[in-house]
Amino acid sequence: MVKLVVKAGSRPPWVGLASAVWIQIAVGNPFNFPLYSSALKSVLSLNQQQITILGVANDVGESMALLPGIASNKFPPWAFLLLGSLLCFFGYGLIFLTVTQTVSQLPYILICLALCVAANSSAWFGTAVFVTNMRNFPLSRGTISGILNGYGGISAEVYTLIYSLVLKGSASKLLLFLTVGLPAVCLLMMFFIRPCTPSGEDSSVHVHFIFVQAASVLLASYLVVTTIVSDVVSINDAVTYFLVAIMVLLLIAPLAIPIKMTLFPSNSKCNVSLVGSSDNLASESDISTQTSPLLTPSSSAAILESFHERGDVSDVEMLIAEGQGAVMQKRRPKRGDDFKFCEAFIKADFWLCWFAYFLGAGSGVTVLNNLAQIGVALGVEDTTILLSVFSFCIFIGRLGAGVISEYFVRLIALPRTFWMACAQIIMIIAFLFYASALNGTLYAATALLGICYGVQCSIMAPTVSEIFGLKHFGVISSFMMLGNPIGALIFSVFLAGNVYDTEAAKQGNSTCYGADCFRLTFLVLAGVCGLGTILSIILTIRMRPVYKMLYAGGSFRLSQNSGH
């Protein structure tokens with residue numbers, strides 16, 4: 001295991017967060033598959049089923065985060081970013097060579113493997129920034145989750161803007177950018193993503209978070225407006241580069257915080273000391289030596305020595321020894337402590353979390369994967385605006401969930417899973433809107449569902465860290481996130497795909513038109529979200545005492561047994 005070096009000071013966590021914004025854009029690289037899939041289909045002469053399988057390989061690669069999660073406690077963040085960059089370079093590089101026909105036609109299975117490897121880079125990138133920033137800001141986990149998930153959500157819009165304006169819709173140029181550009185950015189940022197002395201809490205910290213959130217909202221709004229305008233109006237090269245320059249400025253906006261802290265330093269010390277943390281700069285024994293130099297050795301050593309001499313030890317003597325520190329009583333972790341994966345795996349709360357997320361996120365990603373077909377079936381010829389609305393609302397849900405859940409958890413110790421339940425109730429309404437196919441409900445349902453899907457993604461990470469601790473957060477959260485692709489496989493492929501094909505066959509076409517194409521799917525998904533709501537409510541009731549303990553006094557209180 002590599003010994004992690006902790007960077008001291010108040011600025012490094014914010015430098016790392018500003019750098020993480022760029023890494024989160026790189027995390028979204030699998031979103032580009034629709035932009036170059038047509039080129040692959042043409043060059044390799046593939047049918048639609050083969051392209052669909054390539055899309056599944058892309059999703060599988062993106063979701064294989066268990067290995068990065070297991071390694072998150074063994075290697076520093078720069079190692080994750082380096083490995084992710086190599087996966088990105090070799091995976092997309094092979095696809096680039098195929099599309100440009102630089103190499104002879106490669107076997108189909110090798111293309112699937114290359115796509116899976118390339119998409120898996122996002123798992124390594126995401127694990128590096130999520131685990132590091134959650135530990136650097138342990139008192140603001142919901143806010144950090146919302147910010148990082150938000151930037152990851154709008155990465156698709158960033159790539160779309162670059163693809164349409166700068167690269168002029170060239171799939172080969174896009175693949176070259178993914179092969180060379182993304183690894184270059186990540187290799188540059190890996191010097192700034194590092195474990196730091198955890199940031200504490202004061203008024204300036206909240207102001208800094210508000211600034212980052214405002215910058216992300218401004219960026220998302222700018223990307224949506226620019227995408228729609230560029231679709232309607234022809235833009236020349238000079239204006240194109242100006243628009244991209246504005247996007248870059250908005251992306252580097254969070255860097256203004258550490259620059260401001262350098263130019264206008266504060267005298268207040270807001271770094272937090274984590275009691276019981278294995279990452280502390282000074283060990284607990286050092287602290288006790290410094291603060292109590294005159295303490296004499298207790299009689300516990302003599303008691304312990306007598307234990308070895310005598311075979312019979314009374315319960316009273318054992319309790320005295322435990323109280324004096326001669327014998328450490330090993331106990332199972334309780335909620336809020338640091339759990340190992342095997343310890344969390346057997347807990348009811350673990351599976352309540354997993355199934356609640358699986359049902360909520362799985363039903364949301366089903367609509368995401370089929371949104372273009374849903375729009376066509378319901379009479380929308382150009383689904384670009386519909387996709388932009390859904391993407392923007394996902395961002396709003398991710399960012400908003402972090403902000404709102406953080407506010408109420410500090411105000412009244414309200415468990416974050418309460419907002420998962422609320423989101424799934426609204427998702428039921430959205431699915432019923434879809435199923436009714438009433439005029440004017442399509443865009444409203446899409447907006448509601450996008451927001452609620454974003455909430456599911458944003459809430460899970462801080463919830464897992466609060467229930468099961470940060471020490472093994474990487475592997476536990478990675479397992480939780482498997483609910484997304486498994487839900488997509490079950491609800492999108494087996495349910496929505498079969499229903500759509502059945503209705504299309506009735507019409508005698510490969511493309512289905514009308515409300516019946518997805519009506520049964522929407523009704524089933526409404527029932528799925530109903531079950532998810534029940535599980536989320538049960539989890540919220542179970543978590544209420546835990547959050548009252550963790551957020552006593554309106555601020556997160558680290559467990560004495562925590563190894564953050």
Side-chain angles (χ1 to χ4, degrees), residues 63 141-142 145 149 334-336 339 341 343-368 394 397-398 400-402 404-405 408-409 412-432 448-469 473 475-492 494-496 521-548 550:
S63 305
R141 303 180 191 189
S145 176
N149 274 299
K334 59 183 180 181
R335 290 177 292 188
F339 282 73
F341 178 75
E343 294 171 333
F345 191 79
I346 60 175
K347 294 295 182 180
D349 297 328
F350 180 91
W351 290 106
L352 281 172
C353 279
W354 194 91
F355 278 105
Y357 180 73
F358 159 72
L359 296 172
S363 56
V365 78
T366 299
V367 173
L368 176 61
I394 289 176
R398 288 181 173 187
I404 295 174
S405 68
F408 280 98
V409 82
I412 56 174
L414 182 65
R416 299 184 197 274
T417 48
F418 171 82
W419 302 105
M420 288 182 64
C422 292
Q424 287 169 346
I425 291 173
I426 297 173
M427 288 175 77
I428 296 173
I429 298 172
F431 283 127
L432 293 178
L448 286 175
L449 201 68
I451 291 173
C452 294
Y453 176 60
V455 169
Q456 305 291 322
C457 298
S458 184
I459 289 294
M460 183 50 62
T463 299
V464 168
S465 75
E466 287 162 339
I467 299 175
F468 302 113
F473 167 73
V475 63
I476 296 175
S477 65
S478 296
F479 188 89
M480 290 288 177
M481 296 308 167
L482 287 177
N484 199 320
I486 294 175
L489 178 65
I490 295 175
F491 301 133
S492 183
F494 297 142
L495 174 63
T521 299
F522 292 141
L523 293 176
V524 172
L525 292 180
V528 165
C529 286
L531 178 58
T533 302
I534 294 173
L535 295 182
S536 297
I537 291 174
I538 294 173
L539 185 60
T540 301
I541 294 172
R542 288 173 60 89
M543 289 297 105
R544 182 65 170 157
V546 181
Y547 275 80
K548 283 185 177 179
L550 291 176

Handout entry: With A344 via side-chain contact (heavy atoms from CB on, under 4.5 Å) - residues at least two apart
Key = F339, F350, F468, I476
Exercise for the section: Keeping the roles fixed (side chain from S405, backbone from A401), state whether a donor-acceptor pair exists under 3.5 Å. Expected result: yes
Practice task
Determine yes or no for a side-chain-to-main-chain donor-acceptor pair under 3.5 angstrom, with S465 supplying the side chain and P462 the backbone.
Solution key: yes
Exercise for the section: Give a yes or no on whether the backbone of P415 and the side-chain of T540 come within a donor-acceptor separation of less than 3.5 Å. Expected result: no
Problem - Separation between SG of C457 and CD1 of I394, rounded to the nearest 0.5 Å - result: 7.5 Å
Fill in the blank from the handout: d(S63 OG, M481 CE) to nearest 0.5 Å is 11.0 Å
Problem - CH2 on W351 to CG on D349, rounded to 0.5 Å - result: 13.0 Å
Handout entry: F494 side chain reached by L489 side chain, heavy atoms, under 4.5 Å
Key = yes
Exercise for the section: With sequence neighbours left out, write down each residue that passes ring-ring contact (aromatic ring centres under 6.0 Å, His included) with F355, or none if nothing qualifies. Expected result: none
Practice task
Return yes if some donor-acceptor pair links the side-chain N/O of R398 with the main-chain N/O of S145 below 3.5 Å, else return no.
Solution key: no
Problem - Pairwise distance CZ(R416) to CG(L539) - rounded to 0.5 angstrom - result: 13.0 Å
Practice task
Starting at CE of M420, measure out to CE of M427 and round the result to the nearest 0.5 Å.
Solution key: 10.0 Å
